[in-house]
Amino acid sequence: MDETDRLRMLTERMERLERRSATLAEAGAAAEQWATREFTGKVDRGGITATVDASGNLLALDISQLSKRRHDGVTLGDAVLEAIHLAEHAASEARATLIGGLGADVGVDLGDLFGDAKRFFEADGGPHR
């Protein structure tokens, strides 16, 4: 391999590193924006609405008077759980879309990257010190 080939390879590696750095910066900004979002799940023709944050924590639960009158306690409870699960699913889908979309332009699968990090921490209780 001559000097020109080495220089070209070094230049290509630097360009890839710059793209990956930009992707990580983009991921950080997107994660901050995503973390402030709220997601809703609605059932009973919108009479029962659950709102969760990006982590899936329940923020609000609204039950209309009509829904309260229309359902017995068990059915109402099932409908409330369904609304919460729909909201959690919406948050999960948004997270998957966010992670799947980042890094695609530079050949980095951030889902795999985060999965590798998670496996590292779970391997034996955490990183070695």
Side-chain angles (χ1 to χ4, degrees):
M1 182 179 301
D2 67 2
E3 194 65 29
T4 304
D5 290 336
R6 287 186 184 139
L7 183 59
R8 183 177 40 79
M9 282 180 34
L10 179 61
T11 303
E12 289 172 0
R13 287 181 180 167
M14 290 299 292
E15 289 172 355
R16 271 195 314 236
L17 181 61
E18 288 173 6
R19 285 194 306 265
R20 287 184 178 177
S21 294
T23 298
L24 288 175
E26 178 186 335
E32 284 181 31
Q33 184 270 339
W34 176 78
T36 62
R37 291 183 57 193
E38 295 181 356
F39 303 89
T40 60
K42 296 182 180 190
V43 296
D44 195 30
R45 291 178 249 159
I48 301 171
T49 302
T51 304
V52 300
D53 64 12
S55 297
N57 298 312
L58 185 63
L59 300 175
L61 180 62
D62 297 312
I63 305 171
S64 71
Q65 288 299 323
L66 181 59
S67 291
K68 288 178 186 177
R69 280 186 254 132
R70 191 180 338 195
H71 302 292
D72 63 30
V74 173
T75 306
L76 184 61
D78 289 343
V80 165
L81 286 176
E82 183 181 352
I84 293 169
H85 289 153
L86 288 171
E88 290 171 337
H89 182 71
S92 178
E93 288 290 316
R95 179 176 48 249
T97 300
L98 170 73
I99 290 174
L102 294 173
D105 57 336
V106 292
V108 177
D109 185 340
L110 293 179
D112 286 346
L113 182 64
F114 292 141
D116 289 343
K118 182 179 178 185
R119 284 188 292 280
F120 171 75
F121 279 96
E122 291 174 346
D124 52 1
H128 299 288
R129 294 179 192 244

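Note that these values count all heavy atoms, side chains included, but never hydrogens, waters or copies made by symmetry.
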Quiz prompt | Interatomic distance, Asp78 atom CG to Asp72 atom CG [nearest 0.5 angstrom] | solution = 8.5 Å
Quiz item: Once you round to the nearest 0.5 Å, how far does CZ of Arg13 lie from CG of Leu17?
Solution: 11.5 Å
Quiz item: Between atom CD of Gln65 and atom CZ of Arg69, what is the distance when rounded to the nearest 0.5 Å?
Solution: 6.0 Å
Quiz item: Just wondering, are more than 12 heavy atoms of other shown residues or ligands nearer than 6.0 Å to CD in Glu12?
Solution: yes
Quiz item: Would you say the side chain of Arg45 lies within less than 4.5 Å of the side chain of Leu66, judging by non-hydrogen atoms?
Solution: no
Self-check item: Spacing of CZ belonging to Arg70 relative to OG1 belonging to Thr75, to within rounding of 0.5 Å
Solution: 11.5 Å
Quiz item: Going only through I, L, V, M, F, W and Y residues with side-chain contacts under 4.5 Å, is there a path from Val43 to Leu58?
Solution: yes
Quiz item: Do Phe39 and Leu59 share a hydrophobic cluster, counting only Ile, Leu, Val, Met, Phe, Trp and Tyr and linking them when any side-chain heavy atoms are less than 4.5 Å apart?
Solution: no
Show every donor-acceptor pair shorter than 3.5 Å between a side-chain atom in residues 84-93 and any protein atom, with sequence neighbours excluded, or say none if there are none.
{"unit_1": "His85", "atom_1": "ND1", "unit_2": "Leu81", "atom_2": "O", "d": "3.3"}

Quiz item: Going from CD on Glu82 to NZ on Lys42, what distance comes out if it is rounded to the nearest 0.5 angstrom?
Solution: 14.0 Å
Practice problem: Take Leu76 and Ile48 through the side-chain contact (heavy atoms from CB on, under 4.5 Å) test and state the conclusion after the steps. | Solution: CA-CA 9 Å; Leu76 184 61; Ile48 301 171; 3.7 Å; yes
